[in-house]
Amino acid sequence: MYGQIVRDGLVNVTGIEDLGLTSPVLQRTSDAFFKEISPFLLHFGMFVPTIIGQCTPEQQAKWLPLAMDLKIIGTYAQTELGHGTFIRGLETTATYDASTEQFILKTPKLSSYKWWAGGLGKTANHCIVLAQLYTKGVCHGPHPFIVQIRDTETHMPLPGIKVGEIGPKLGFNTADNGFLGFEDFRIPRENLMMKNAQVTKDGTYVKVARHGKLTYGTMVFVRVMLVSDMAYCLAKAVTIAVRYSAVRRQSQPKPDQPEPQVLDYLTQQHKLFICISTAHAMKLTSTWLWNTFTGVLADMRDGNTDTLPELHALSSCLKAISTSDTSALIEQCRFACGGHGYMYSSNLPALYSFATATRTYEGDYTVLLLQTARFLVKSWEQMDEGKPLTPTLAYLEQSRNGSQVSWDDSPEGIVRGFDAVAAGRIGACVKSIRKHINNGMDYEDAWQMTTVQLVGAAEAHCRAVICRVYRDETARLTAGCSPGVKAVLDQLSTLYLLYWALERTGDLLRFSSLSERDIENLQARYEALLLKIRPNAVGLVDAFDFRDEVLMSTLGSYDGRVYERLMEEALKTPLNREPVSDSFHKYIKPMMQGKL
Ligand SMILES: CCCCCCCCCC/C=C\CCCCCCCC(=O)SCCNC(=O)CCNC(=O)[C@H](O)C(C)(C)COP(=O)(O)OP(=O)(O)OC[C@H]1O[C@@H](n2cnc3c(N)ncnc32)[C@H](O)[C@@H]1OP(=O)(O)O
Ligand SMILES: Cc1cc2nc3c(=O)[nH]c(=O)nc-3n(C[C@H](O)[C@H](O)[C@H](O)COP(=O)(O)OP(=O)(O)OC[C@H]3O[C@@H](n4cnc5c(N)ncnc54)[C@H](O)[C@@H]3O)c2cc1C
């Protein structure tokens with residue numbers, strides 16, 4: 001299994017690299033090589049980006065060619081057995097020895113072992129290690145170091161290195177996630193990645209970056225990329241589910257009629273059409289977020305980090321919500337395919353296991369939403385002080401006078417309704433924090449007592465951002481389209497708004513003048529829209545344009561030969577090589593004969 005994956009992974013990265021294509025293409029083509037994860041994902045997904053983001057030009061000149069030519073294979077080892085979220089609590093230490101101009105890496109105890117890094121178990125021979133930097137007896141917090149862990153000729157672990165694979169997981173079982181421990185392992189001073197902080201030969205610590213969290217830059221980059229990844233993942237899952245639903249016929253609602261396509265059931269449309277719409281919403285939002293990200297990078301190149309907090313808040317909530325929505329909706333696609341959706345050959349289990357992992361890695365869902373909430377509460381307080389709001393929070397102004405927003409069921413009106421919900425929920429959090437403080441709590445305890453509401457407020461803010469971006473970008477991008485295309489894409493973005501308005505009626509009743517009659521109207525419009533989308537459903541997923549080799553699904557192949565493919569795959573199962581398993585003779589027969 002591992003050998004096959006490494007072979008396929010190398011064919012993928014070397015073949016495509018020869019064509020000089022970019023890593024997102026790598027990512028997309030890698031799907032044609034295997035259903036699961038490449039052990040080289042972290043090399044291109046984090047090791048290379050960290051060299052670019054955390055190294056000086058001189059260090060990049062040394063390490064980048066080696067990495068891009070695969071002369072070294074790397075990963076990103078930050079998480080430890082005892083800490084993943086709380087980076088400031090990481091235990092691995094890097095202590096500077098001025099007498100030898102080296103850092104001494106140590107794993108003080110079991111919980112300090114690096115744990116999880118992709119490719120670390122058996123593939124990588126280098127890695128980025130986040131360790132607490134000590135020099136002249138002072139700890140300067142977690143910093144990135146580039147560390148060789150295996151001999152590049154023999155691939156044997158170097159003396160002082162303990163490394164291995166962490167074992168089977170829910171998914172990602174080809175990612176070669178590993179563990180890593182250091183026993184007084186020495187690396188040259190120059191292996192500290194020195195773009196944001198330096199240690200001079202005599203051990204003096206020099207802070208370069210104006211912002212204390214630039215060390216976390218790779219994580220922001222990956223979170224931004226993951227939003228796009230989720231759109232792609234969900235688009236594959238709904239392509240499989242919609243095509244299967246067009247082939248599958250089941251039940252007999254009318255005695256004298258043939259069994260209908262299950263795609264004709266309104267409940268099936270309710271399960272699946274939001275998936276089509278969400279894939280579009282996340283793709284458009286990810287492109288908008290990427291443009292925001294590159295804009296902040298440009299500002300930072302000019303020494304301006306003012307826009308970084310908003311980017312951190314946006315990338316945090318969009319990564320959290322996109323991965324959570326995608327996990328839930330891929331599982332919904334699996335539900336929609338009945339028993340055959342549970343077959344590994346459908347590829348829905350693999351897509352689900354990838355998405356659900358993404359809800360955790362690169363920042364746990366709850367933790368990242370609380371990061372966004374921190375920014376929202378600070379923005380509210382700045383608004384109270386009369387300071388200007390950042391663009392994505394302009395809607396807070398409307399809530400300043402506390403008046404209830406009048407409900408308007410047009411698409412633009414629903415977007416404004418979500419703004420009102422977000423503003424109202426943020427305001428409620430601020431009120432809760434202040435109430436607890438007035439009752440004698442300190443700020444930290446008042447914050448903790450409000451965290452359930454804060455997670456909800458951050459989700460509401462994120463939903464409002466997605467709704468607005470999806471609506472605006474659809475209008476902008478379809479301006480020059482044919483009326484037919486424009487109408488269908490408008491239907492999808494309207495469906496997204498109606499779906500979430502019905503999901504959030506409680507909030508809309510609380511923060512707008514929405515009435516019960518309005519809810520009845522929303523439900524009727526939503527159901528009518530499902531029927532309108534039905535004729536275009538297969539065309540809409542075909543438009544995602546996935547080749548069968550990429551979908552790798554017995555249920556989702558373009559020719560619809562579902563039952564033939566299911567049987568073909570079944571016959572390939574090793575258990576079917578012989579008509580009688582030797583376990584019969586070893587165990588079952590003796591048991592039947594009372595000899596066990
Ligand atoms: C061959 C295959 C094809 C290859 C194709 C390649 C294509 C690449 C695509 C990429 C996709 C996938 C590849 C990668 C796969 C990933 C695998 C998984 C990798 C990992 O999981 S790596 C480990 C990730 N770990 C985390 O995310 C940890 C999460 N924890 C944190 O981020 C932080 O610790 C924290 C939760 C933010 C809390 O930190 P802390 O308590 O220290 O901070 P405070 O809350 O007190 O905030 C202090 C202050 O700092 C601000 N801040 C915090 N974080 C950031 C940040 N990242 N950027 C900017 N600012 C930040 C925070 O806002 C506070 O500011 P304030 O004081 O409010 O002003
Ligand atoms: C498939 C996979 C691949 C990975 N690859 C890598 C990799 O390549 N490199 C790497 O370094 N790491 C990797 N990781 C590790 C990953 O980054 C961490 O698991 C993730 O950051 C979550 O941290 P944790 O595991 O410590 O969870 P914890 O933070 O311990 O979460 C446990 C629970 O505590 C809650 N919690 C934690 N802090 C707070 C808080 N402040 N407030 C409220 N609730 C809180 C969480 O919400 C969660 O419910 C990978 C993980 C997975 C699953």
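Numbering of ligands and ligand atoms starts at 1, following listing order.
- Ranking protein heavy atoms by distance to atom 17 (O) of ligand 2, first place goes to Thr79 OG1, 3.5 Å.
- Counting only heavy atoms from C-beta outward, the side chains of Arg301 and Leu297 approach each other to under 4.5 Å.
- Ligand 1 has a nitrogen or oxygen under 3.5 angstrom from a nitrogen or oxygen of Gln371.
- Using a 4.5 Å heavy-atom threshold, the side chains of Thr390 and Leu393 count as touching.
- With a heavy-atom cut-off of 4.0 Å, Arg223 touches ligand 1 through its side chain alone.
- For Glu91 and Ser111, the side-chain atoms include at least one donor-acceptor pair closer than 3.5 Å.
- Distances below 4.0 Å separate heavy atoms of Leu42 from the following atoms of ligand 2: 8 (O).
- Distance check for atom 33 (C) of ligand 2: every protein heavy atom is found at 4.0 Å or beyond.
- Summarising the contacts of atom 8 (C) of ligand 1 with Gly45, Pro309, Gly141, the nearest heavy atom is found in Gly45.
- Residue Val220 approaches ligand 1 through these ligand atoms, each under 4.0 Å from one of its heavy atoms: 57 (N), 58 (N).
- Here the side chain of Ser346 pairs a donor or acceptor atom with the backbone of Leu348 at under 3.5 angstrom.
- Those atoms of ligand 2 with a heavy atom of Glu362 less than 4.0 angstrom away are 17 (O).
- Side-chain contact annotation: Gln132 with Thr92, donor-acceptor N/O pair under 3.5 Å absent.
- In this structure, atom 6 (C) of ligand 2 has a protein heavy-atom contact shorter than 4.0 Å.
- Short contacts between ligand 1 and Gly84, defined as distances under 4.0 Å to a heavy atom of the residue, involve ligand atoms 28 (C).
- Of all the heavy atoms of Leu370, the ones lying under 4.0 Å from any atom of ligand 2 belong exclusively to the side chain.
- For ligand 1, the polar-atom distance check against Glu362 finds a nitrogen or oxygen pair separated by under 3.5 Å.
- Taking every non-hydrogen atom of Phe44 and a distance limit under 4.0 Å, the qualifying atoms of ligand 1 come out as 4 (C), 6 (C).
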Apply ring pair (Phe, Tyr, Trp, His ring centres under 6.0 Å) to residues Tyr216 and Phe221 and explain how you reach the verdict. CA-CA 9 Å; Tyr216 296 176; Phe221 161 72; over 10 Å; no
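- Of all the heavy atoms of Phe172, the ones lying under 4.0 Å from any atom of ligand 2 belong exclusively to the side chain.
- Residue pairs meeting the ring-ring contact (aromatic ring centres under 6.0 Å, His included) criterion with at least one partner in residues 285-326, sequence neighbours excluded, are Trp290-Phe293.
- In terms of polar-atom proximity, Ser38 is not counted as a contact of ligand 1, lacking any N or O under 3.5 Å from an N or O of the ligand.
- Between the choices Val222, Thr360, Thr305, Leu311, the shortest heavy-atom distance to atom 14 (C) of ligand 1 belongs to Val222.
- Of the N or O atoms in Tyr76, one or more lie within a sub-3.5 Å distance of an N or O in ligand 2.
- Between Glu183 and Lys106 there is no salt bridge, since none of the side-chain N atoms of the basic residue sits less than 4.0 Å from a carboxylate O of the acidic one.
- Among all protein heavy atoms, the one lying closest to atom 45 (C) of ligand 2 is Val367 CG2, 3.9 Å.
- In terms of protein heavy atoms, atom 44 (N) of ligand 2 is closest to Thr366 CG2, 4.3 Å.
- Within a 6.0 Å sphere centred on CZ of Arg547, heavy atoms belonging to other residues, nucleotides or ligands number 12 at most.
- At the shortest separation from atom 31 (O) of ligand 2 among protein heavy atoms lies Thr85 OG1, 4.5 Å.
- Residue contacts with ligand 2: Tyr361 is placed with no nitrogen or oxygen under 3.5 Å of a nitrogen or oxygen of the ligand (distance criterion only).
- In this structure, Met194 and Leu192 approach most closely via the heavy-atom pair CG-O, 3.0 Å.
- Annotation for ligand 1: atoms under 4.0 Å from non-hydrogen atoms of Ile87 are 28 (C), 30 (N), 31 (C), 32 (O), 33 (C), 34 (O).
- Ring centroids of Tyr113 and Phe182 are separated by 6.0 Å or more, keeping the two rings apart.
- A salt bridge does not link Asp325 with Arg359: every distance from a Lys NZ or Arg NE/NH1/NH2 to an Asp or Glu carboxylate oxygen is 4.0 Å or more.
- The aromatic ring centroids of Phe544 and His280 lie less than 6.0 Å from each other.
- At under 3.5 Å, a nitrogen or oxygen of Gly118, whether backbone or side chain, sits near a nitrogen or oxygen of ligand 2.
- If you look at Tyr96 and Tyr205, their ring centroids are not closer than 6.0 Å.
- Annotation: Arg374 places an N or O atom under 3.5 Å from an N or O atom of ligand 1; distance criterion only.
- Of all atoms in ligand 1, listed by their number and element, those nearer than 4.0 Å to a heavy atom of Leu41 are 13 (C).
- The ligand atoms of ligand 1 that sit less than 4.0 angstrom from a heavy atom of Gln78 are 23 (C), 24 (C), 25 (N), 26 (C), 28 (C).
- Taking all atoms of both residues into account, the shortest heavy-atom contact from Cys127 to Ala77 is SG-CB, 4.3 Å.
- Within a 4.0 Å radius of atom 41 (N) of ligand 2, the protein has no heavy atom.
- Ranking the protein heavy atoms by distance from atom 19 (O) of ligand 2 puts Thr360 CG2, 4.0 Å first.
- Remark: minimum distance from atom 35 (C) of ligand 2 to any protein heavy atom is reached at Asp364 OD2, 4.7 Å.
- Of all the atoms in ligand 1, the ones that sit under 4.0 Å from a non-hydrogen atom of Val367 are 36 (C).
- The main-chain N or O of Gln453 is never found under 3.5 Å from a side-chain atom of Thr450 such that the two would form a donor-acceptor pair.
- Considering only non-hydrogen protein atoms, atom 14 (N) of ligand 2 sits nearest to Trp116 CB, 3.5 Å.
- Distances between N or O atoms of Tyr76 and those of ligand 1 include no value under 3.5 Å.
- For the residue pair Thr152 and Asn125, no side-chain donor N or O sits within less than 3.5 Å of a side-chain acceptor on the partner.
- With a 4.0 Å heavy-atom cut-off, ligand 2 is reached by no atom of Lys114.
- The side-chain heavy atoms of His43 and Thr75, taken from C-beta on, include no pair separated by under 4.5 Å.
- Of the listed options His312, Met225, His43, Lys378, His312 places a heavy atom closest to atom 52 (N) of ligand 1.
- The nearest protein atom to atom 25 (O) of ligand 2, hydrogens excluded, is given as Gly84 CA, 4.7 Å; this is a heavy-atom distance.
- Ion pairing of Arg463 with Glu503 is absent here, as no side-chain N (NZ or NE/NH1/NH2) approaches a carboxylate O to less than 4.0 Å.
- For ligand 2, the polar-atom distance check finds no N/O of Thr75 at less than 3.5 Å from any of the ligand's N/O atoms.
- In summary, the atoms of ligand 2 found under 4.0 Å from a heavy atom of Gln78, numbered by their order in the structure, are 11 (O).
- Each ring-ring contact (aromatic ring centres under 6.0 Å, His included) pair with one or both residues in residues 436-463, not counting sequence neighbours, appears once here: Tyr395-His461.
- Here is the list of ligand 1 atoms found below 4.0 Å of a heavy atom in Arg88: 40 (P), 41 (O), 42 (O), 46 (O).
- Proximity of Asn347 to Leu551: side-chain heavy atoms (C-beta onward) are nowhere separated by under 4.5 Å.
- A donor-acceptor contact closer than 3.5 angstrom links the side chains of Glu310 and Thr392.
- For atom 29 (O) of ligand 2, the nearest protein heavy atom is under 4.0 Å away.
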